[in-house]
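This report refers to the structure that appears directly beneath it.
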Amino acid sequence: MSLIHNIALTFIPEVGHVTAKNLLGHFGSAEAIFKAKRHELIQVPGIGPQTASHILNNNALPEAEKQLRFIEQHQVKVLFFTDDDYPKRLRNCFDAPILLYYKGTIDLNHPRIISVVGTRRATEYGRQLCRQLAEALASYNVIIVSGLAFGIDIAAHKESLANDIPTIGVLAHGLDRIYPPLHQPVAQKMVLNGGLLTEFPLKTIPDKENFPQRNRIIAGISDATILVEATAKGGALITADIANSYNRDVYAFPGRATDVSSEGCNFLIKTNRAALINNTKDLIYQLGWEETTPKKIQQIQLPLGLSEEELKVIGVLKTSSARIDELAIQSGIPQSKLAMYLLNLEMQGILVALPGKVYRLN
């Protein structure tokens, strides 16, 4: 597929991620979209005369050329929505970005990815939790994601690097800068063992409205989101809400009732929006990572009348247990429908639900 057309698709006014996906579904490629006639464009749902004019003007292509020069010069990888190496967990989210810019070394479809977020005003308690978390997770072949911000974010990145855990920073701006600038040395180390990821093109500054957009990538790229310390208002709670909307696990460390820096964590736990964890052992159990030895493949007797979708689920689980988002990807069944099939199979005793939305055959 044409890289310049893929990039240009993100520069068309009034064409967001959902509309871009509709266009791709209709025409098959970004290049075909730019070559389409006006009457063909207007046939696509959501494309009116004004949006068709924006596409036909081709003003997006010169902007894409500027991005392309930067990408080639700085060894940036472009991940388009249809690419195999686009993060599959994120692709499963309804508002996933159509394109990502990535500078790093780590596979974004790694088997185990968690996000660690929290307040910009971290206390020693929060930094110590980040340290303990990284030390305990070092042997679990995990990637830790955060937002490179002050406080808990940078503590999570630093502790990951100190324990040789790959770590990914999701940015609210283009890859031509690091914000805050103070974190430039850490970001350089992350590129060597992890990476930097953003949906924003170069010259995008870290405007306030970019951070909630950034947070949805943090939530969507991960198996689970962990809140270490969080105030009553802030980006960490936004990330937690987004993760819940994606049907992803959310965990929070509790704090004392009088601690302002833990008000958000305590609130999420109290309102059942996050599961309480006191230590990393709790997290490992909740994520179903305790079982490291694969079970022998066993012959199971299946009842008659199973649907084609249920048989697909069983086929995926024959070799190993899997999380619900992994099942959705491997079976090709949307999560919204998959939950019904899983419940039916569980009620028949064919599979067992484990902590962390993990399923295995019974």
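Checked by atom type and distance alone, the side chain of S222 never pairs as donor or acceptor with a backbone atom of A219 at under 3.5 Å. Side chain of T271 to main chain of F267: a donor-acceptor pair is present (N/O by atom type, distance under 3.5 Å, no hydrogens or angles). A donor-acceptor contact shorter than 3.5 Å is absent between the side chain of K270 and the backbone of C265. With N163 contributing its side chain and A138 its backbone, the two residues share no donor-acceptor pair below 3.5 Å. At distances below 3.5 Å, not a single donor-acceptor pair connects side-chain atoms of S321 with backbone N or O atoms of L317. In this structure a side-chain-to-backbone donor-acceptor pair under 3.5 Å is present from N279 to D282. Remark: side-chain polar atoms of R127 are paired, donor with acceptor, to backbone N or O of A122 under 3.5 angstrom. Proximity of a side-chain donor or acceptor of N244 to a complementary backbone N or O of A240 within less than 3.5 Å is detected. Listed for the D176 side chain is a donor-acceptor partner under 3.5 Å among the backbone atoms of K203. Checked by atom type and distance alone, the side chain of S29 pairs as donor or acceptor with a backbone atom of A32 at under 3.5 Å.
Between the CD atom of E14 and the OG atom of S53 there is a distance of 9.5 Å, given to the nearest 0.5 Å. R91 CZ to I98 CD1: the interatomic distance, rounded to the nearest 0.5 Å, is 10.0 Å. Expressed to the nearest 0.5 Å, how far OG of S262 lies from OH of Y125 amounts to 5.5 Å. How far CE of M347 is from CG of L345: 11.0 Å, rounded to the nearest 0.5 Å. The structure places OH of Y102 at 8.5 Å from CG of L79, a figure rounded to the nearest 0.5 Å. Within the model, atoms CD1 of I114 and CZ of R248 stand 14.0 Å from one another, a figure rounded to the nearest 0.5 Å.
Among residues at least two apart or in separate chains, side chain to side chain donor-acceptor pair (under 3.5 Å) pairs with a member in residues 184-198 are D164-N193. The salt bridge (Lys or Arg N to Asp or Glu O under 4.0 Å) contacts involving residues 37-56 comprise nothing, where partners must be two or more places apart or lie in separate chains. The list of ring-ring contact (aromatic ring centres under 6.0 Å, His included) pairs with a residue in residues 312-353, not counting sequence neighbours, is empty.
Nearest heavy atoms, I4 versus L61: CD1-O, 4.2 Å. Summarising the geometry of A60 relative to A8, their closest heavy-atom pair is CB-O, 3.3 Å, with the distance given to 0.1 Å. A224 approaches L287 most closely through the heavy-atom pair CB-CD2, 3.7 Å. Closest of all the heavy-atom pairs between S160 and A134 is N-CB, 4.1 Å. Closest non-hydrogen pair, P180 versus L148, comes out as CD-O, 3.5 Å.
Put simply, the side chain of V44 reaches to within 4.5 Å of the side chain of F27, judged on heavy atoms. You'll find the side chain of R177 reaches within 4.5 Å of the side chain of I205, heavy atoms only. Looking only at side-chain heavy atoms (C-beta outward), T225 and Y251 stay at 4.5 Å or farther from each other. With contacts defined as side-chain heavy-atom distances shorter than 4.5 Å, the pair L161/P166 does not qualify. Looking at L9 and L24, their side chains come closer than 4.5 Å, going by heavy atoms from C-beta outward. Between L133 and L283 the shortest side-chain heavy-atom distance falls below 4.5 Å.
With sequence neighbours left out, H173 forms a ring-ring contact (aromatic ring centres under 6.0 Å, His included) with no residue at all. The salt bridge (charged side-chain N to carboxylate O under 4.0 Å, His left out) check on D85 picks up K77, with sequence neighbours excluded. The salt bridge (charged side-chain N to carboxylate O under 4.0 Å, His left out) test applied to D223 returns R89, R323, not counting sequence neighbours. In this view, R69 satisfies the salt bridge (charged side-chain N to carboxylate O under 4.0 Å, His left out) rule with no residue, not counting sequence neighbours. Residues forming a side chain to side chain donor-acceptor pair (under 3.5 Å) with T167 (at least two apart in sequence, or on another chain): H157. Annotation: ring-ring contact (aromatic ring centres under 6.0 Å, His included) contacts of F70 (sequence neighbours excluded): H74. For the salt bridge (charged side-chain N to carboxylate O under 4.0 Å, His left out) test, residues two or more places apart in sequence or in another chain that qualify with D95 are R216. Applying the ring-ring contact (aromatic ring centres under 6.0 Å, His included) test to F94 and every residue at least two apart in sequence or in another chain returns nothing.
A single hydrophobic cluster is not seen to contain both I154 and Y179; linkage of ILVMFWY side chains at heavy-atom distances under 4.5 Å, directly or through other members, places them apart. By the criterion of side-chain heavy atoms lying less than 4.5 angstrom apart, applied directly or through intervening Ile, Leu, Val, Met, Phe, Trp or Tyr residues, F200 is not grouped with V76; the two fall into different hydrophobic clusters. Cluster membership check: V250 does not share its hydrophobic cluster with I238, using side-chain heavy-atom separations under 4.5 Å among Ile, Leu, Val, Met, Phe, Trp and Tyr. Under the 4.5 Å side-chain heavy-atom criterion for ILVMFWY residues, a single connected hydrophobic cluster contains both V186 and I168. Under a hydrophobic-cluster definition in which Ile, Leu, Val, Met, Phe, Trp and Tyr are linked whenever side-chain heavy atoms come within less than 4.5 Å, directly or via other members, V313 and M340 are assigned to the same cluster.
Each of N247, L327, L343, D325 was evaluated against L338; a single residue qualifies, L327, per the side-chain contact (heavy atoms from CB on, under 4.5 Å) test.
Classification of the F81-Y86 ring pair by plane angle, with boundaries at 30° and 60°, yields perpendicular.
Taking the six-membered ring for Trp and the full ring otherwise, the centers of H183 and F150 sit less than 6.0 Å from each other.
With salt bridges taken as basic N to acidic carboxylate O contacts below 4.0 Å, one links K35 and E31. At a threshold of 4.0 Å, the pair E63-K66 counts as salt-bridged, since one of the basic side-chain nitrogens sits closer than that to a carboxylate oxygen.
Applying the under-4.5 Å side-chain rule to Ile, Leu, Val, Met, Phe, Trp and Tyr, the cluster around V260 consists of that residue alone.
Side-chain polar atoms of T123 and E229 form a donor-acceptor pair below 3.5 angstrom.
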Verify side-chain hydrogen bond (donor to acceptor under 3.5 Å, both in side chains) between N344 and E310, making sure each step is shown before the conclusion.
CA-CA 9 Å; N344 187 38; E310 289 166 339; 2.3 Å; yes

Applying side-chain hydrogen bond (donor to acceptor under 3.5 Å, both in side chains), run through H17 and E199 and close with a yes or a no.
CA-CA 11 Å; H17 303 301; E199 68 178 298; 3.1 Å; yes

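Within a 6.0 Å sphere centred on CD of E209, heavy atoms belonging to other residues, nucleotides or ligands number more than 12.
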